[in-house]
Amino acid sequence: MARLALVCEYDGTDFVGWQAQANGRSVQAVLTQAVSTVADEPVVIHGAGRTDAGVHAERQVAHFDTGARRSARQWLLGINSNLPEDVSLRWVGEVPARFDARRSARWREYRYTLVSQATRPVLTRRHVWWLRDRLDCAAMTAAASHWLGERDFSAFRAAQCQSTTPMRRMLRIRISESRGRIEFEFRANAFLYHMVRNLVGALVRVGRGEVLPHWGRELIDGRDRRRGAETAPAQGLALVGIAYADEFGVPGATG
């Protein structure tokens, strides 16, 4: 029995999310079917994280165990030939039995993309949040600085969140703008349900000038989701990196 890891990308628009569900098309189910076909046996796919409905991934990592013997190239080409056009494998390889896509991850990184312009975008509409407002990136960066480090993110977790603790370690937040395209990058050891989308929603309020940057500190210290802002739409969010120890050889991180 061998353990293999895979790195995949997907457009989450037409999925109910990563996790297999009784009703709806999921990324996990689509991958499971494709991998099982190539392995010629049933397999169970374990993902590093559960992206929500409509959320995308540039680098989602998963692992599975199988008794089938195939070369890395055979796995890659075989699985991709059995996947729909909105999911693709970028890498697959054998890893030590102790590797676990979720538990072995050192950090995860999400990017949220927003377009600030007078007219609605067409070509990128499935992957960005469109706003007519001009946003102050300096003010948003100042607000976000209060969220770095080991913090209680209760103010940014959805009511349905099942995590046993609201504590997360935020390692990096970066906000950049180019020609009206604003990207928010969040790197942390792990994330709560809807956490990134709630963080972005709060930053937009700051960027619009509705509240001052110190509101970011008031929110995190208040630990009350009811005092926060709207949840940003799902389509602007993408999982872009997951880092592991070099010994595993999994290319799941960016930068």
Side-chain angles (χ1 to χ4, degrees), residues 48-52 55-59 105-116 128-178 180-243 253-255:
R50 300 176 180 178
T51 53
D52 301 332
V55 175
H56 318 290
E58 289 184 6
R59 289 183 179 270
R106 290 184 166 181
W107 51 255
R108 297 157 173 83
E109 184 164 300
Y110 281 87
R111 181 180 62 238
Y112 194 95
T113 306
L114 185 153
V115 169
S116 172
V128 302
W129 180 15
W130 168 54
L131 292 176
R132 291 188 177 89
D133 312 82
R134 296 291 299 173
L135 302 178
D136 185 337
C137 285
M140 293 191 292
T141 298
S145 68
H146 300 295
W147 305 334
L148 293 169
E150 190 84 18
R151 305 301 301 267
D152 182 331
F153 283 91
S154 293
F156 302 99
R157 69 187 298 184
Q160 305 95 319
C161 182
Q162 298 178 354
S163 175
T164 57
T165 174
M167 302 302 297
R168 293 293 185 269
R169 186 170 68 255
M170 186 68 75
L171 303 172
R172 188 185 79 162
I173 301 176
R174 181 174 178 268
I175 303 172
S176 59
E177 180 180 13
S178 177
R181 182 185 177 93
I182 303 175
E183 294 185 346
F184 304 80
E185 297 173 354
F186 300 89
R187 179 181 295 180
N189 65 325
F191 291 88
L192 300 166
Y193 186 48
H194 284 180
M195 177 174 157
V196 174
R197 292 165 59 190
N198 289 333
L199 290 169
V200 172
L203 290 176
V204 166
R205 284 203 66 193
V206 175
R208 283 170 165 163
E210 297 174 6
V211 290
L212 296 175
H214 66 75
W215 185 61
R217 182 179 60 197
E218 295 174 2
L219 278 181
I220 195 81
D221 291 344
R223 303 182 178 89
D224 186 353
R225 174 67 190 119
R226 293 170 297 180
R227 296 180 58 193
E230 67 175 306
T231 301
Q235 76 268 11
L237 185 60
L239 173 61
V240 296
I242 306 174
T254 61

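Nothing fancy with the numbering, it's 1 onward along the sequence.
- For the pair Leu192 and Pro166, the tightest heavy-atom approach, listed with the atom from each and the gap, is CD1-O, 3.8 Å.
- For Arg197, the salt bridge (charged side-chain N to carboxylate O under 4.0 Å, His left out) partners are Asp52, not counting sequence neighbours.
- You'll find the side chain of Ile182 stays beyond 4.5 Å of the side chain of Leu131, heavy atoms only.
- Residues passing the side chain to side chain contact (heavy atoms under 4.5 Å, CB included) test with Gln162: none are found, sequence neighbours excluded.
- Pairing each heavy atom of Glu177 with each of Cys137, the nearest pair is OE1-SG, 3.6 Å.
- With sequence neighbours excluded, no residue forms a side chain to side chain donor-acceptor pair (under 3.5 Å) with Arg169.
- Side-chain contact check for Met195 versus Phe186: every heavy-atom pair is 4.5 Å or farther apart.
- If you run ring pair (Phe, Tyr, Trp, His ring centres under 6.0 Å) between Phe191 and each of Tyr110, Tyr112, Phe153, Trp107, only Tyr110 comes through.
- Between Ser163 and Arg157, the closest heavy-atom pair is O-NH2, 2.9 Å.
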Side-chain donor-acceptor contacts of residues 198-212 below 3.5 Å, not counting sequence neighbours, with atom names and distances?
from, atom 1, to, atom 2, distance (Å)
Asn198, OD1, Arg225, NH2, 2.9
Asn198, OD1, Thr231, OG1, 2.6
Asn198, ND2, Phe156, O, 3.0
Asn198, ND2, His194, O, 3.1
Arg205, NE, Glu210, OE1, 2.9
Arg208, NE, Asp133, OD1, 3.4
Arg208, NH2, Asp133, OD1, 3.2

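- Under the side chain to side chain donor-acceptor pair (under 3.5 Å) criterion, Arg226 pairs with Asp224, sequence neighbours left out.
- Ser154 and Asp152 get closest at one heavy-atom pair: OG-OD1, 2.6 Å.
- Glu185 meets the side chain to side chain contact (heavy atoms under 4.5 Å, CB included) test with Glu109, Arg111, Arg172, Arg174, Glu183; sequence neighbours excluded.
- In terms of heavy-atom proximity, Ala190 sits nearest to Arg168 at O-CD, 3.2 Å.
- Atoms NE2 and CD1, on His146 and Ile220 in that order, are 10.5 Å from each other to the nearest 0.5 Å.
- The two residues Leu237 and Val55 have their closest heavy-atom pair at O-CG1, 3.5 Å.
- Although no hydrogens or angles enter the test, the distance criterion places a donor-acceptor pair under 3.5 Å between the side chain of Arg108 and the main chain of Asn189.
- Under the 4.5 Å side-chain criterion, counting only non-hydrogen atoms from C-beta, Thr113 is in contact with Arg181.
- One finds the CZ atom of Arg151 at 10.0 Å from the CZ atom of Arg217 (value rounded to the nearest 0.5 Å).
- No side-chain heavy atom of Leu239 sits less than 4.5 Å from a side-chain heavy atom of Arg59.
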